[in-house]
Amino acid sequence: MTARFEGKVALITGAASGIGRAAAIRFAQEGARVFCADLNFAGAHNVATEIGGNASAVHVDVADYASNQAMVAHVMEHAGQLDIAFLNAGFYGAAEGLGTVDEAFFDRVVAINLKGTFNGIKAVEPVIAQGGAVVVTASAAGVIGHPANPAYSAAKHGIVGLVKSCVDAFAARGARINALCPGGVETPLIGAADVPMIDPQDLPRVALRGMGSAQHVAEVALWLASPAAGFITGQAQLLDAALLSTFAPVMLPVGP
Ligand SMILES: NC(=O)c1ccc[n+]([C@@H]2O[C@H](COP(=O)([O-])OP(=O)(O)OC[C@H]3O[C@@H](n4cnc5c(N)ncnc54)[C@H](O)[C@@H]3O)[C@@H](O)[C@H]2O)c1
């Protein structure tokens with residue numbers, strides 16, 4: 001393994017499971033000191049324990065402004081720097097189409113996904129390190145409509161607009177901000193179990209149209225946060241195995 005993030009400090013929200021867990025493990029494998037943040041503190045603590053070393057857990061409710069401020073203050077108090085923020089916590093809920101979605105569900109989805117991202121951005125912007133990077137998890141549903149869950153799609157579209165609108169503020173600090181827009185990802189969000197990490201070289205190159213693994217997304221988050229992606233900011237990066245590119249199902253070839 002390379003160590004792209006030796007000496008760096010990474011904060012990952014939604015780190016108790018799925019994409020956030022995979023990213024926390026991979027950032028740590030590549031040398032970062034990771035703070036695993038989640039509403040599910042026990043889950044975040046388990047991930048930090050699984051990682052070992054100087055990884056640790058911090059509680060956050062991303063929907064709460066003050067909680068985000070406290071999370072970042074905790075990182076600065078204990079590590080003294082923040083190089084990478086992966087603002088990834090999110091909530092899908094039981095998909096509700098327009099006919100059944102109610103105000104409470106809409107408000108909850110927007111509070112966690114969109115306002116949660118705003119809260120995270122507001123908390124990290126004043127302290128992000130020169131050369132630092134923020135990566136935010138939006139969704140393919142942030143680029144096209146999602147009739148099964150319009151609240152979620154609206155919130156994820158909002159995240160993309162927020163990220164694009166924050167480029168200058170982060171550039172002024174010598175930092176970048178980008179959004180990830182995954183298609184379907186096999187995580188607890190859609191009822192799949194968390195799985196062990198594998199060598200990135202062994203990740204399946206095959207993807208049934210739209211579906212990927214948490215580690216597929218984590219690897220792109222790491223790359224976007226790395227200096228290799230230094231020319232990229234303000235983007236909404238799709239990772240969807242051509243879900244939004246073709247009418248016909250796509251099956252990429254297996255193997256090297
Ligand atoms: N799984 C997919 O198909 C898919 C596709 C596109 C985008 N996404 C997005 O990816 C991100 C990660 O989701 P995942 O698939 O890994 O799901 P997941 O359910 O495994 O992980 C989401 C994590 O966010 C945490 N969380 C929820 N509400 C929170 C809050 N208020 N404060 C702090 N933490 C909170 C949960 O406890 C959980 O650990 C989300 O933003 C999700 O919308 C997922």
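Order of listing sets the numbers, starting from 1, for every ligand and every atom in it.
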Report task. Note the single closest protein heavy atom to atom 32 (N) of ligand 1, along with its residue, its atom name and the distance in Å. Result -> V62 N, 3.0 Å

Query raised in the report: What do you reckon, does L39 have a nitrogen or oxygen under 3.5 Å from a nitrogen or oxygen of ligand 1?
Result: yes

Query raised in the report: When you measure from atom 12 (C) of ligand 1 to every protein heavy atom, which one gives the shortest distance, and what is it?
Result: N88 OD1, 3.3 Å

Query raised in the report: Can you list the atoms of ligand 1 that are under 4.0 Å from a heavy atom of G18?
Result: 16 (O), 20 (O)

Query raised in the report: Would you say T13 contacts ligand 1, with heavy atoms under 4.0 Å as the rule?
Result: no

Report task. Would you check if the side chain of R33 reaches a backbone N or O of A10 as a donor-acceptor pair within less than 3.5 Å? Result -> no

Query - From L180 atom CG to D240 atom CG, the distance as rounded to the nearest 0.5 Å - result: 12.0 Å

Report summary line: Per-atom filter on ligand 1: closer than 4.0 angstrom to a heavy atom of P188 are 20 (O)

Query raised in the report: Backbone, side chain, both or neither: what part of A138 comes under 4.0 angstrom of ligand 1, heavy atoms only?
Result: backbone

Query raised in the report: Ignoring hydrogens and geometry, is there a side-chain-to-backbone donor-acceptor pair from H157 to S153 under 3.5 Å?
Result: yes

Query raised in the report: Roughly how far, to the nearest 0.5 Å, is CH2 of W223 from CZ of R4?
Result: 10.5 Å

**Report entry** Any N/O pair I112/ligand 1 closer than 3.5 Å
**Finding:** no

Report task. Measure from the side-chain N and O atoms of D61 to the backbone N and O of L39, and report whether any donor-acceptor pair falls under 3.5 Å. Result -> no

**Report entry** For the student: nearest non-hydrogen atoms of I128 and A175, plus distance
**Finding:** CG2-CB, 3.9 Å

**Report entry** Protein heavy-atom partner closest to atom 31 (N) of ligand 1 - residue, atom, separation in Å
**Finding:** D61 OD1, 2.9 Å

Report summary line: Nearest non-hydrogen protein atom to atom 10 (O) of ligand 1, with distance, is T137 CG2, 3.2 Å

Query raised in the report: Would one find an N or O of T187, backbone or side chain, under 3.5 Å from an N or O of ligand 1?
Result: yes

Query - F170 six-ring face occupied by R176 cation (under 6.0 Å, within 45°) - result: no

Report task. Measure the distance from atom 24 (O) of ligand 1 to every protein heavy atom, then report the residue, atom name and distance (to 0.1 Å) of the closest one. Result -> G14 CA, 3.5 Å

Report task. Count the heavy atoms of every other residue, nucleotide or ligand shown that sit under 6.0 Å from CZ of R108, and state whether that count exceeds 12. Result -> no

Report summary line: Closest to atom 43 (O) of ligand 1 by heavy-atom distance, out of F91, Y92, Y152, is Y152

Query raised in the report: Judging by distance only, is a nitrogen or oxygen of N40 under 3.5 angstrom from one on ligand 1?
Result: no

Requested in this report: Consider ligand 1: state whether an atom of it lies below 4.0 angstrom from any non-hydrogen atom of A140.
Outcome: no

Report summary line: Taking only non-hydrogen atoms of A16 and a 4.0 Å limit, the atoms of ligand 1 in range are 39 (O)

Query raised in the report: Can you tell me if NE2 on H74 sees more than 12 non-hydrogen neighbours from other groups inside 6.0 Å?
Result: yes

Requested in this report: Using a 4.0 Å heavy-atom threshold (strictly under), name the region of I19 that reaches ligand 1: side chain, backbone, both or neither.
Outcome: both

Query raised in the report: Is there a heavy atom of P182 sitting under 4.0 angstrom from any atom of ligand 1?
Result: yes

Query raised in the report: If we ignore angles and hydrogens, is there a donor and acceptor under 3.5 Å between the side chains of H146 and Y92?
Result: yes

Report task. For atom 5 (C) of ligand 1, grab the closest protein heavy atom and report residue, atom and distance to one decimal in Å. Result -> G183 O, 3.0 Å

Query - K8 bridged to E30 by N-O distance under 4.0 Å - result: no

**Report entry** Close-contact set for ligand 1 against G90 heavy atoms, below 4.0 Å
**Finding:** 22 (C), 24 (O), 27 (C), 40 (C), 41 (O)

Report summary line: Check: of D38, V185, D64, min heavy-atom distance to atom 2 (C) of ligand 1 comes from V185

Requested in this report: Return yes if some donor-acceptor pair links the side-chain N/O of D194 with the main-chain N/O of S17 below 3.5 Å, else return no.
Outcome: no

Requested in this report: Tell me, please: is G184 in heavy-atom contact with ligand 1, that is, under 4.0 Å?
Outcome: yes

Requested in this report: Answer side chain, backbone, both or neither: which part of K156 comes under 4.0 Å from ligand 1, heavy atoms only.
Outcome: side chain

Query - Identity and distance of the protein heavy atom lying nearest atom 20 (O) of ligand 1 - result: S17 OG, 2.6 Å

Report task. Hey, could you give me the NZ/OG1 distance between K164 and T233, rounded to the nearest 0.5 Å? Result -> 12.0 Å

Query raised in the report: Which is closest to atom 13 (O) of ligand 1 in terms of heavy atoms, I190, V217, L189, L239?
Result: L189

